[in-house]
Structure formats: C-alpha cells, structure tokens
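Atom set for the values below is all heavy atoms of this structure, side chains included, hydrogens, waters and symmetry mates excluded.
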Amino acid sequence: MKLYSLSVLYKGDPKVHLLKAAYDLSSFSFFQKTSVQEFMTFTSQLIVERSVPGSRASVKEQEYLCHVFVRNDRLAGVVIADSEYPPRVCFTLLEKVLDEFSRQVSSIDWPSGSPSTISYAALDGYLSKYQNPREADAMTKVQAELDETKIILHNTMESLLERGEKLDDLVAKSEVLGLHSKHFYKTGRSQRACCRGS
C-alpha cells in the first residue's frame with residue numbers, strides 16, 4: 001500500500017491551479033521521476049476540473065486510484081494512491097488537510113496562489129505519516145457524515161472526459177507537462193496498446 005502524491009488545488013473559473021503538493025516518487029527510477037510528477041499534477045488538475053464543488057470521487061487510472069474532494073468553497077485536494085490503499089483513509093486525510101490549509105492560508109490567496117507563493121509546509125509530513133493506513137486510521141476517527149457521503153467511483157480517466165474528448169488531446173494541450181513527459185506518455189500508450197493486442 002502506497003501514497004504517491006497529496007495536493008491542494010483551487011478550482012478557479014475556468015482554470016484549476018495547484019496551490020501546494022507533496023510527492024513520494026521513491027518507487028520510480030531517476031529518469032521517470034520528473035515525468036511521473038508532472039503527470040500526477042496534470043491528472044490532479046484534470047480530475048478537479050471535472051468534479052463539481054461539494055463532491056468526492058475516486059478515479060481509477062491504470063493501477064492507481066486518484067481520490068478527489070472538492071469543497072463548496074472550491075478548495076480541492078487530491079490523493080494518488082495504489083489500488084490497495086483504503087479510500088476511506090484517503091478521504092479522511094483530504095478532509096483534515098483541507099481544513100487545516102483553509103485555517104492557515106487566507107482564501108484571498110487561493111485564486112492567485114501557486115506552490116512558490118503559498119506558505120503551507122505540512123503536506124510532506126502528512127504524506128509520510130499516512131503511508132501506513134492502519135496507524136493513520138487509528139489516529140483519526142472518521143466523521144460519520146463522510147461514510148454517508150456518496151463517493152463516486154470512475155473506472156477510468158476516460159469516463160471523466162466529455163463526449164468526443166480524448167485524453168491524448170488533453171495531454172498534447174497541457175501546459176503542466178513538458179515535452180519529455182508528453183513523449184513519455186505517447187511511448188507508454190503505444191507500448192500498452194501493443195501489449196494488449198498480443
């Protein structure tokens with residue numbers, strides 16, 4: 001069980017932007033780390049963009065699950081974990097982080113903030129502490145309302161997209177992804193297609 005990223009974003013109109021993020025890329029090779037981090041940011045922004053305020057959802061992307069919580073005030077959090085990590089713990093973590101973030105960082109700064117301008121240092125600590133969900137869950141009593149809230153599970157990233165929209169096109173247009181990451185994505189896509197065909 002592993003958590004790969006924890007990020008806080010703001011669902012602006014029309015753009016979603018990253019306010020702060022923490023990553024654990026220790027399971028990836030040195031050459032993959034930059035591209036993997038860029039894709040985690042891209043995926044987090046895309047999922048928040050496609051989620052309505054006041055919603056929680058889990059989106060499956062290959063062997064990963066991306067858990068998103070968008071509050072009614074448009075502050076959002078995303079956890080990217082492997083598929084074995086308990087979703088309930090992810091949502092507990094997101095609720096805790098967003099509550100703390102909103103107390104420490106003024107909402108005036110959310111629409112224009114960026115990782116370099118927002119002062120909030122707790123994400124790395126939470127990402128590390130929550131690597132073991134049993135310990136984290138024992139420390140946190142999950143609110144009953146969270147269990148009652150319907151969490152939508154999307155089986156693929158494609159199910160989030162609007163009709164006629166393609167993930168390949170969004171990757172090509174992305175401002176978050178560098179050229180190397182876009183090439184990495186195309187190569188990975190063609191290799192997976194090749195393998196599925198055999």
Looking only at heavy atoms, what is the nearest atom pair of Tyr126 and Glu100, with distance?
OH-OE1, 2.6 Å

Straight-line distance of Arg103 CZ to Tyr120 OH, nearest 0.5 Å:
8.5 Å

If you measure only the distance, is there a donor-acceptor pair under 3.5 Å linking the side chains of Tyr23 and Thr41?
yes

Tell me if a side-chain donor or acceptor on Thr92 pairs with a main-chain N or O of Arg88 at a distance below 3.5 Å.
yes

If you take the centroid of each ring, where Trp contributes its six-membered ring, are Tyr4 and Phe28 closer together than 6.0 Å?
yes

Where do Cys90 and Val79 come nearest, in terms of heavy atoms and distance?
SG-CG1, 3.8 Å

Could you check whether Arg71 pairs with Asp99 (Lys NZ or Arg NE/NH1/NH2 to Asp/Glu carboxylate O, under 4.0 Å)?
yes

Can a salt bridge be assigned to the pair Glu95 and Arg56 using a cut-off of 4.0 Å between side-chain N and carboxylate O?
yes

Dump the intermediate steps for side-chain contact (heavy atoms from CB on, under 4.5 Å) on Val59 and Arg50, then the final yes or no.
CA-CA 11 Å; Val59 181; Arg50 302 306 158 97; over 6 Å; no

State, yes or no, whether a side-chain contact exists between Pro133 and Met1 at a heavy-atom distance under 4.5 Å.
yes

Interatomic distance, Tyr10 atom OH to Leu75 atom CG [nearest 0.5 angstrom]
9.0 Å

Closest non-hydrogen atom pair between Leu65 and Ser58, with its separation:
CD2-CB, 4.4 Å

Side chains of Val78 and Leu6 in contact at under 4.5 Å (non-hydrogen atoms):
no

When rounded to the nearest 0.5 angstrom, what distance separates CG in Asp124 from NZ in Lys129?
13.5 Å

Going through the distances and angles, do Leu9 and His17 end up as a side-chain contact (heavy atoms from CB on, under 4.5 Å)?
CA-CA 6 Å; Leu9 306 97; His17 59 272; over 6 Å; no

Keeping Asp24 on the side-chain end and Ser26 on the backbone end, is there a donor-acceptor pair under 3.5 Å?
yes

Please check if the side chain of Lys33 supplies one atom and the backbone of Ser35 the other of a donor-acceptor pair under 3.5 Å.
no

What's the shortest heavy-atom distance between Ser51 and Val68, and which atoms?
OG-CG1, 3.7 Å

Measure the shortest side-chain to side-chain distance between Val70 and Val52 over non-hydrogen atoms and say whether it is less than 4.5 angstrom.
no

Main-chain N/O of Ser114 paired to Thr117 side chain as donor or acceptor, under 3.5 Å:
yes

Leu3 backbone acceptor or donor facing Gln131 side chain under 3.5 Å:
yes

Close side-chain approach of Glu63 and Asp82, heavy atoms under 4.5 Å:
no

Less than 4.5 Å apart, side chain to side chain, heavy atoms only: is that true for Val97 and Leu123?
yes

For residues Arg74 and Trp110, determine if any side-chain heavy atom of one lies less than 4.5 Å from a side-chain heavy atom of the other.
no

Atom of Cys66, atom of Thr43 and distance for their closest heavy-atom approach:
SG-CG2, 3.9 Å

Take atom NZ of Lys2 as the centre, draw a 6.0 Å sphere, and report whether it contains more than 12 heavy atoms from other residues, nucleotides or ligands.
yes

Looking only at heavy atoms, the pair that brings Ser44 and Ile80 closest together is OG-CD1, 3.9 Å

Report the distance from atom CG of Leu25 to atom CE of Met40, rounding to the nearest 0.5 Å.
5.5 Å

Derivation and outcome, side-chain contact (heavy atoms from CB on, under 4.5 Å), residues Tyr130 and Val89:
CA-CA 8 Å; Tyr130 274 76; Val89 180; 3.8 Å; yes

Do you see a donor-acceptor pair shorter than 3.5 Å between the side chains of Ser5 and Ser7?
no

Aromatic plane relationship, His67 with Phe91 - under 30° parallel, 30 to 60° tilted, over 60° perpendicular:
perpendicular

Can you tell me if Lys20 uses its side chain to pair, donor with acceptor, with the backbone of Pro115 under 3.5 Å?
yes

